[in-house]
Amino acid sequence: MPFAVDLTGQDLGGLVLTPGVYRFGSTAMLTGTLTLNFTGASNSAFVFQVGSALTTASESNVLVLGGDNASGVFWNIGGSATLGTGSRFAGNIIAATSILLNTGAGILCGRAIALGGSVTLDGNRVSQDCRGSGDLDSGRDDFGSSGFAGISGAVPEPASWAMLIPGFGATGAMQRRQRRMVTC
């Protein structure tokens, strides 16, 4: 997907973003709170294309506002993703290599998919069913987005996710067969 905004070199903490495709040439860092505001736009999505690695600092948050059951949040990571201790994340992380959730980190409405390696958990919760308030004891509600699938009540097949991942081509198709998906 062609990107609209290049955020290379910027920390996501403190930003308020609207739906679109965002790019990081190499690494992306989140320190603090990132707010994703759908502004009530139905059937819209956030897609983050990260060249090599995504890292969140301890106690970081992704806060989602104003979406609906057709909303989507996708994190396309060219290498690995690491969520810091106690982080509260949102969206589907699709990493080429691996995903590490440090102690107490959680994904409040999304998934963790490592195409070529493992998803490592340590006292974490990953929730793809985010209907109602209080998900993961956060007191937050994601307005029934069915895990930010972008399709109400359905989970996209792996082939659909692969279309979001630029640059994987035929390699991605082979790695999808080996992927490991963890949902708690």
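Note that the structure is predicted; figures quoted are calculated from it, not measured. Side chains included, hydrogens not; waters and symmetry mates left out as well; all remaining heavy atoms used.
When atom types are taken as modelled, the side chain of N37 and the backbone of T18 share no donor-acceptor pair closer than 3.5 angstrom. No donor-acceptor distance shorter than 3.5 angstrom exists from the side chain of S98 to the backbone of G117, with no hydrogens or angles considered. Side chain of S52 to backbone of S26: a donor-acceptor contact under 3.5 angstrom is found. Between the side chain of N102 and the backbone N or O of L83 there is at least one donor-acceptor pair closer than 3.5 Å.
Residue V16 is not grouped with residue L63 when hydrophobic side chains (ILVMFWY) are merged at heavy-atom distances under 4.5 angstrom, including chains of intermediate members. Follow the hydrophobic side-chain contacts under 4.5 Å out from V62 and you never reach M29; the two are in separate clusters. The hydrophobic cluster containing L100 does not contain L121, counting ILVMFWY residues as joined when their side-chain heavy atoms lie under 4.5 angstrom apart, directly or transitively.
Nearest heavy atom pair, residue G32 against residue L30, reads O-CD1, 3.9 Å. A112 and V119 get closest at one heavy-atom pair: O-CG2, 3.7 Å. Q49 and M1 get closest at one heavy-atom pair: NE2-O, 2.9 Å. Contact record, G84 with A105: O-CB, 3.4 Å, taken as the closest heavy-atom pair. Nearest approach of I94 to L115, heavy atoms of both residues: CG2-CD1, 4.1 Å.
In this structure, CD1 in I99 is found 6.5 Å from CD1 in I107, a value given to the nearest 0.5 Å. Considering CZ of R111 and CD1 of I93, their distance stands at 12.0 Å, rounded to 0.5 Å. The CG atom of N61 lies 7.5 Å from the OG atom of S87; values are rounded to the nearest 0.5 Å. Annotation: the span from L54 atom CG to I77 atom CD1 amounts to 4.5 Å, rounded to 0.5 Å. Atom CZ of F74 is separated from atom CD1 of I113 by 9.0 Å, given to the nearest 0.5 angstrom. Expressed to the nearest 0.5 Å, how far CG of L36 lies from OG of S44 amounts to 10.5 Å.
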Test L15 against L34 for side-chain contact (heavy atoms from CB on, under 4.5 Å), laying out the working first.
CA-CA 5 Å; L15 295 180; L34 166 64; 4.0 Å; yes
Residues F24, L12; criterion side-chain contact (heavy atoms from CB on, under 4.5 Å); working and verdict
CA-CA 11 Å; F24 288 86; L12 287 165; 3.6 Å; yes
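Between T27 and T55 there is no side-chain heavy-atom pair separated by less than 4.5 Å. Side-chain contact between V73 and F38 is present, with at least one heavy-atom pair separated by less than 4.5 Å. At least one side-chain heavy atom of L17 sits less than 4.5 Å from a side-chain heavy atom of F48.
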